[in-house]
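Quick notes on the structure that follows.
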Amino acid sequence: MLESIPTELRIIAFIGAVIVAVVALVALRGEWPKTRLEDHVTKIMMVLLTVGCIEVMLVAIGTIGRVK
Amino acid sequence: MKLEQREPLLDSGFWRAVAVMTVISIVLMVGVVVFPVEKYLPEAANISKPIDDLFKFCAFFGAPIFVFINGFLLYFSIRYRRRPDEPIDAVGSEIHEHHGLEVTWTIIPSLLMIVLAVLSYLVIPMYYPTNQAFASAVTLEAIGHKFYYEFRYPGLKQSVMNELHLPIGVPVTVDLTSAEDEQDVHNGAVIHSFWVPEFRVKQDMIPGIVIPIHFTPSEIGMYRIVCSEFCGLGHSHMWGKVIVQTRAEFDAWYADQQRAAASPIAAPLSLAGGNPSAGQTIFNAKCTVCHNAAPFAQRKVGPGLAQLFDDPDHPDLVTGKKATPDNVADILEHGAHGDMGVMPNMQANGLTPKDVADLVAYLRTLR
Amino acid sequence: MAAANAHAVSDAEYAEVSGHRLLGFLFFLISDCVIFGNFIFSYLYLRNAAPLWPPVGIERPYLYLAAVNSIVLFGSGATMHYAMEGMRHDRRSQFIGYTLATIVLGSMFLGGQAYEYTHLLPHTTWAGTTFGASFYTLTGLHGFHVFIGVIFLIVVLLQTLRGTYTQERHFGLTAATLYWHFVDVIWVALFFLFYIY
Amino acid sequence: MSVTHVELPASSHIHPPPDTFIKKYVFSLDHKVIAIQYFITAGLFLVFAGLLAELMRVQLMGPNNHVLSVAVFNQAYSLHGTAMVWLVGIPIVTGAFGNLIMPVQIGARDVAFPWLNMLSFWMLPVAGILVFASLLFGAPQAGWTEYPPVSLQLPLGESLSLWCAGVFVIGVSSTITGLNFLVTIVKMRAPGMTYTRMPLFVWATGVTAFLSMIATANLSAALAGLFIQHNFGVPFYDVTRGGAPVLWQHVFWFYSHPAVYILILPAFGIVSEVIPTFVRRPIFGYKAIAYSSAAIGLLSFMVWAHHMFTSGLQHWEQLFFMLLTMVIAVPTGIKIFSWVTTLWRGKIRLDSPLLFVLGFLSTFTLGGITGVMLASVPADAQEHASYFVVAHIHYVLFGGTIFGIFAGLYYWWPKMTGRMLDERLGKWHFWLMYIFFNLTFLPMHWAGLMGMPRRVATYDPMFAGTNLFVSISSFVLAASILIFIYNAYRSARYGEPAGPNPWGARTLEWMIPSPMPYYNFRDVPIVLSGPYDYGKPLPYANISQDLAMTPVR
């Protein structure tokens, strides 16, 4: 039954993507000055997380990803 | 560590050794150039010569490297071994790097590699055509089966088994693939390989892909096609023949094939006069790959054939017919599909009608 | 590291040993990436070799549920980061709260994945076509890694409640967070490969 | 060079020694005991795999022998390959030598994760049992490469699952050993030991550890794919359902070419350790050898498809892999030339370790030259999957890795056991092995070029003479290992006790008593300069006992 409500899913996905992207960028700015190895890895992860959120945003808007 | 003055570094003993090694390498290099590969392995196709030349190029430059390294190992070990009178912890020369020497032995091998790469680059398209190359050449199909080759000629309805007849001097493209009639994963097609050592050509026959190779036979003769990619129990027995004939002989053979294809109803094989001992020799030569002359249960790819005609619990043959000499002869002639492999037909096994009669006679003597 | 011997090991030694463990853990994550890379190569190779993609009779996996599912997983990445911020500044309640949130979100992702497997892929079977083979192998392997991540987080949460980890000594938590971020990042790639590309 | 204040590693205090027999010898965390466990287990598998090879040679003595049935012959060569690569080669060069020598050479007390080290050893017997148990159910018959679709077909593959499980287990063990060693080398070097002051064996082990960690994870994924297809019918390689058999070749060789560099790089390291000690001269071109090891490590990931030149690659793929295979030959050449130049103007002592190194250099050079011949695509059209390739493999694997292993064994035996090996037996062992190695594998080049394919139980009668000659010399080659076994037994009983530094070497493992105490160094050494400056005072401070630098004989 989840596949019958695409528009609501896209709205949820878009809003969620925006929130998570903002949170990730805030975290990234917070982590930026730290220089230990684990912090560098965390920064890379945060960047990739933002990329994932942007991906979902574009999918929610409909610019990329084919349904059929 | 600055080098001392140049002069005593490489003394006369060193140069004498280098001279001896140079002489040996020159002898070897000349030997490589003049070596008559033709006598040992005939160069029977247009691309045999270029590939042999590439091999000789590598051997030509490999020989001095090999001789000098082994020579220096021997020379240094003998000349610079610690003499008994020297103190036990005597130390050798302090030199531990020499940029000039290190740069030369990086540049020279790199240059040799570049030359070899260019030469190889030029030879590849001669035998491994890009899709549009040699479109005009005659195209045959070679299909690898479980332990024999099937060749399809344009214009012949029936495919020829295990014998590739080629007219001399005619460029030909062979499309290689591998296929089996049965498609389930346990008996499906496997990877074979089409290698004619005399042509210096080898290409894998991979199920699902068609790979073309191109060559022009240039010497008359009968050469072996060898399967060089492991393909199952019969891999060591999987070989065919390439017969390079004059144009006239080829045309005669081609016409004969067309006529044979036109009249399919061959006379049923006469089983009279079968000689069991001759049958036994054929059995040991050709059949032991897949069958044992032992009770049914001792399977290889096919069942044991001892009590073939009076086996109480296996009255029928794999073709479902009664186990009578005629039905066995029919299997020998047309082949059959077992559960673990495919029995090749009479032509693939290279049996004459007399052989079939001998084999059936021999099988009847087995109890 | 049981709380009992935490005092026996001096601070400098703990720092050095956890430095080794961090490098070891990162190398482990790299080798895990290589495993996913291998299956992704197989997927792309088979996709390239196939005449038609997705193969006949199979439609593309449902995009929008996967989008929501991805946001659930990326959200859990963010909450896990804030859990670690909490532990670094010795705010235990923030850590416990956000870790619980991460565990819940991770389980929701697994639920969404299970829903998709059962309802939204009628014709795609694992042993059917190469699409099913690569799709189920990769997303299944990733789902298994998420499942291991959730258990890792639960164990780490229980240990924190028992007092194993303090503000200075919490390598176990750093490892759990890095593992969770790694699992997120792999899903970024898989989401793109299977649903968008 | 003045000794500045150097801050010692915090974890430098000594842990209490293991107390019970089990903790000391069976489940030991000590890298030296684990190394000896690796030696014994892998040595056992070496004997099994060697016997399999001799069985094959008995079958190949005549063109149409029936000593082994075709199926058993295929099982013999498949398990010979599998056992030699995964149960003998990689465990000895990384597990045994890496464990025994690398931690001591960098001045550490043990590897970074001792428990992980013990775990990766105990996976070796398990993997060995799994792989050899497949013989009971008809072992896989498609060689150590197990190309589908033939490896998946009954009756060949019932035990393919056992084979996959066994190699998967040793793959995981090799991955974590690599991870363990890389962390140890990066993090636990003695104070003052920068990367350019590390011994060359440590360089080789470090690059090998990097390769094992990355490439072997790939093997695990590839084997999982084959296992899934064999047991659940998932069509990765099944042509009828869209799969591609060539995919397995890509995925397998992407691991297996780094694997052959994992096998040879530690042997390079051992050669770089043995030559300076027995020539009493600094190694020629330390940086060239170290950086070419690193170059080989990186390039080894980009050359894998030169094993697939005849599998229908596109033109550009063939050119790309041909060029990169030729590029990778240059650093190997640099190493060989540097080693030979190190012999120049040394004070050479022709003891057995150096003899094996000279044997290594001469056979590996021929292996390298035939390797370049195989790199050129058209020449490969004649040589691929023929006995020429079998000869090349054995010249680089037997001539390279096994000769390197014996050089290392004869060199570090006094340090490992505290007793010297007998020199006379060592020389006998070398000359028998070297001569009959060449007599066994040199004729194979000729048979391969003339058209004898690989992996055949019976062959064309025209090769009968060559194969008979090869079989007989291979029996003597196998017998030559018995000399070493007797020598090892004899040294345990009558071997003269070896002091801390019998060969007068300069690397750190010779600065502590032999056999090495479980804590290695009483207090962590400080390193002031590189280890190969013969003629200068020893570059170590903070070493507790007097440093005898004069060799015993």
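Chain naming here is simple, since letters A, B, ... match the order of the sequence lines and numbering starts at 1 in each.
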Beyond-backbone contact of [X] with [Y], side-chain heavy atoms, under 4.5 angstrom:
X	Y	answer
B:Phe230	D:Gln141	yes
B:Pro207	D:Pro149	yes
B:Leu233	D:Asn74	yes
D:His315	B:Ile124	yes
D:Gln153	B:Val190	yes
D:Val372	B:Met113	yes

Of all of [options], which one pairs up most often with chain B through heavy atoms under 4.5 Å apart?
options	result
D:Thr310, D:Val456, D:Thr458, D:Leu366	D:Thr310
D:Asn64, D:Thr365, D:Thr370	D:Thr365
D:Pro378, D:Gly346, D:Pro282	D:Pro378
D:Met308, D:Arg455, D:Met373	D:Met373

Engaged part of [X] at the chain B interface, taking heavy atoms whose separation is under 4.5 Å:
X	result
D:Leu319	side chain
D:Val330	side chain
D:Leu354	neither
D:Phe337	both
D:Phe364	neither
D:Met450	both
D:Pro148	backbone
D:Pro245	side chain
D:Asp460	both
D:Ser338	both
D:Tyr237	neither
D:Ile348	both
D:Leu313	backbone
D:Gln318	side chain

Going from [atom1] on [X] to [atom2] on [Y], what distance comes out if it is rounded to the nearest 0.5 angstrom?
X	Y	atom1	atom2	value
B:Ser120	D:Asp380	OG	CG	10.5 Å
B:Glu180	D:Thr240	CD	OG1	12.5 Å
D:Trp344	B:Tyr80	CH2	OH	6.0 Å
D:Gln382	B:Phe55	CD	CZ	9.0 Å
D:Phe360	B:Leu73	CZ	CG	11.5 Å
B:Arg224	D:Met462	CZ	CE	8.5 Å

Answer with side chain, backbone, both or neither: which region of [X] has an atom nearer than 4.5 Å to a non-hydrogen atom of chain D?
X	answer
B:Val201	backbone
B:Tyr128	both
B:Ile209	side chain
B:Phe66	both
B:Ile191	both
B:Pro42	neither
B:Trp195	side chain
B:Leu74	neither

List the atom of [X], the atom of [Y], and the distance in Å for their closest heavy-atom pair.
X	Y	answer
D:Val150	B:Cys231	CG2-C, 3.5 Å
D:Pro453	B:Ser228	CB-CA, 3.9 Å
D:Gly451	B:Val226	O-CG2, 4.1 Å
D:Ser311	B:Gln203	N-OE1, 4.0 Å
D:Ala379	B:Ile51	CA-CG2, 4.2 Å
B:Ile211	D:Gly312	CD1-CA, 3.7 Å

**OP:** Before giving the answer on side chain to side chain contact (heavy atoms under 4.5 Å, CB included), spell out for D:Leu358 and B:Ser77 the whole-Å C-alpha distance, their side-chain angles and the decisive distance to 0.1 Å.
**Re:** CA-CA 9 Å; D:Leu358 299 180; B:Ser77 312; 3.6 Å; yes
Original post:
Charged N to carboxylate O below 4.0 Å: is that the case for B:Glu86 and D:Lys347?
Top reply: yes
Original post:
Would a line drawn from the ring center of D:Phe284 to the ring center of B:His98 be shorter than 6.0 Å?
Top reply: no
Original post:
Under 6.0 Å between ring centres, would you say that holds for D:Trp446 and B:Tyr40?
Top reply: yes
Subject >> Trace of the side chain to side chain contact (heavy atoms under 4.5 Å, CB included) decision for D:Thr341 with B:Leu101 >> reply: CA-CA 10 Å; D:Thr341 318; B:Leu101 186 61; 3.9 Å; yes
**OP:** Start with the C-alpha gap between B:Glu229 and D:His384, add the side-chain angles, then the distance that decides, and say whether side chain to side chain contact (heavy atoms under 4.5 Å, CB included) holds.
**Re:** CA-CA 9 Å; B:Glu229 189 61 49; D:His384 177 68; 4.2 Å; yes
Original post:
Taking it one step at a time, do D:Arg345 and B:Glu94 satisfy side chain to side chain contact (heavy atoms under 4.5 Å, CB included)?
Top reply: CA-CA 9 Å; D:Arg345 281 237 171 134; B:Glu94 299 290 325; over 6 Å; no
Among [options], which residue forms the greatest number of heavy-atom pairs with chain D at distances under 4.5 Å?
options	answer
B:Ile47, B:Ile206, B:Leu176	B:Ile206
B:Ser93, B:Gly208, B:Pro125	B:Ser93
B:Leu119, B:Leu116, B:Ile213	B:Leu116

Original post:
Take atom OH in B:Tyr121; do more than 12 heavy atoms of anything else shown fall under 6.0 Å from it?
Top reply: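 Result for OH/B:Tyr121: open.
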**OP:** Verify the neighbour count for atom CH2 of B:Trp239: are there more than 12 heavy atoms of other residues, nucleotides or ligands below 6.0 Å?
**Re:**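 Not more than 12 within 6.0 Å, no.
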